[in-house]
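What follows is a single structure, written as structure tokens, with notes after it.
Residue numbers start at 1 and run along the sequence shown.
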Amino acid sequence: MSADHLIGAVPAAVMSKLLSTFAEPMAKTLRELSAANVAVVNLEYDGEVLPVSGFGHLIPSFEDNVTLGIVYDSLAFPEHNRQGASSTRLTVMIGGAWFESGLGDPDSVSKEKLLSLASESVATQLGVKEKPCRAIVNLNKRCIPQYTLGHWKRIDHLFSYIRQNSLPLSLIGASYEGVSVNDCIYNAKKSVQRLMGG
């Protein structure tokens, strides 16, 4: 494939594998950008079991070093509720920067353990003791970029390398200049505007 310009929207670890040997200094810097593992456990309970209303809640790391937060899906996104009998849907996020220290190697953590942790968190934090009628467990490896000390220097090095070598490459996405969806959209728009001469 031939192209005038490449916009790289893949995570830094993936981009580091795509670069040719001529860009090894850049690939090395990309490999230095870290990302955390997060398990996402979706739970559904028969009936309306939540004692509170709202979008959800986050958990301070000093209270629980494994559970990040719980989204009250059936309240936040009622249009996705099942038809007929009422139910409560929750999403429990586990891990993040503390995944390995709290749970160990992500390749050896069972889905059963993650489901058990999610159910315990819901019981402890929300008082929901019922067993879920449905559960889906997904482990997302290296999915949330971590802006560790020196991140901005590494990013500056990447963009300087691209400019100094006149590479027809733009890097966008959560690995670089902001992890929120808004940041990703804003930075993608800026990259396209630069390409268009704006």
Is there a side-chain contact between T148 and R154 (heavy atoms, below 4.5 Å)? yes
Sidechain-backbone polar pair: S16 side chain, A27 backbone, donor-acceptor under 3.5 Å: no
So which heavy atom on I172 is nearest to which on S191, and how close? CG2-OG, 3.3 Å
Can you find a pair of side-chain heavy atoms, one from L30 and one from Y176, that are under 4.5 Å apart? yes
side-chain contact (heavy atoms from CB on, under 4.5 Å) for I136 and N138? Distances and angles first, verdict last. CA-CA 7 Å; I136 302 170; N138 287 299; 3.7 Å; yes
Specify the closest pair of heavy atoms between D46 and C133, including all atoms of both residues, with the distance to one decimal. OD1-SG, 3.5 Å
According to a hydrophobic-cluster definition based on side-chain heavy atoms being under 4.5 Å apart (Ile, Leu, Val, Met, Phe, Trp, Tyr only), do I7 and L19 belong together? no
After noting the C-alpha distance and the side-chain angles of L117 and L103, does the key distance pass the side-chain contact (heavy atoms from CB on, under 4.5 Å) rule? CA-CA 10 Å; L117 283 168; L103 297 167; 3.2 Å; yes
When rounded to the nearest 0.5 angstrom, what is the spacing between CE in M196 and NZ in K189? 13.5 Å
M93 and side-chain contact (heavy atoms from CB on, under 4.5 Å): which single residue from I59, V71, T67, V41 fits? V71
Check R31 with E24, please: is the shortest side-chain N to carboxylate O separation under 4.0 Å? yes
Check whether any side-chain heavy atom of N42 lies under 4.5 Å from a side-chain heavy atom of L90, and answer yes or no. no
For P25, is there any backbone N or O sitting under 3.5 Å from a side-chain donor or acceptor partner on T29? yes
Between S170 and R194, is there a side-chain heavy-atom distance shorter than 4.5 Å? no
Less than 4.5 Å apart, any side-chain heavy atom of F99 and any of V109? yes
Take atom CD in E79; do more than 12 heavy atoms of anything else shown fall under 6.0 Å from it? yes
Do the side chains of L75 and V52 join up, straight or via other hydrophobic residues, at under 4.5 Å, putting them in one cluster? yes
Residue pair R142 / S175, side-chain donor-acceptor N/O under 3.5 Å: no
M26 versus L169, closest heavy-atom pair with distance: CE-CD2, 3.4 Å
Between L33 and A12, which heavy-atom pair has the shortest distance, and what is it? CD1-CB, 3.7 Å
S116 and E120: side-chain donor and acceptor closer than 3.5 Å? yes
Side-chain heavy atoms under 4.5 angstrom apart, residues restricted to Ile, Leu, Val, Met, Phe, Trp, Tyr: same cluster for V92 and L58? no
Show me the pairs that pass ring-ring contact (aromatic ring centres under 6.0 Å, His included) and involve residues 60-94, at least two apart or across chains. H57-Y72
Residues in salt bridge (Lys or Arg N to Asp or Glu O under 4.0 Å) with E44, at least two apart? R82
What do you reckon, is CD of E48 surrounded by more than 12 foreign heavy atoms closer than 6.0 Å? no
Looking at side-chain heavy atoms only, is the closest gap between E177 and D183 below 4.5 Å? no
Can any side-chain N or O of N165 pair as donor or acceptor with the backbone N or O of L167 at less than 3.5 Å? no
So which heavy atom on W98 is nearest to which on S101, and how close? O-OG, 3.2 Å
Quick check against the 3.5 Å criterion: does T88 have a side-chain atom that pairs as donor or acceptor with the backbone of V49? yes
What one should report as the nearest heavy-atom pair of G178 and C184 is O-SG, 3.9 Å
Side chains of E112 and L114: does their closest heavy-atom pair fall under 4.5 Å? no
Decide if atom NZ of K28 counts as having more than 12 heavy atoms of other residues, nucleotides or ligands within a radius under 6.0 Å. no
Do T91 and D73 pair up side chain to side chain, a donor and an acceptor below 3.5 Å, judged on atom types alone? yes
With side-chain contact (heavy atoms from CB on, under 4.5 Å) as the test, would you mind laying out the steps for R134 and L43 before giving the verdict? CA-CA 6 Å; R134 184 170 183 218; L43 303 171; over 6 Å; no
Please step through side-chain contact (heavy atoms from CB on, under 4.5 Å) for the pair I94 and L68, ending with a clear verdict. CA-CA 5 Å; I94 299 170; L68 301 172; over 6 Å; no
Quick one: pull up OG in S86 and CG in N81 and give me the separation to the nearest 0.5 Å. 9.0 Å
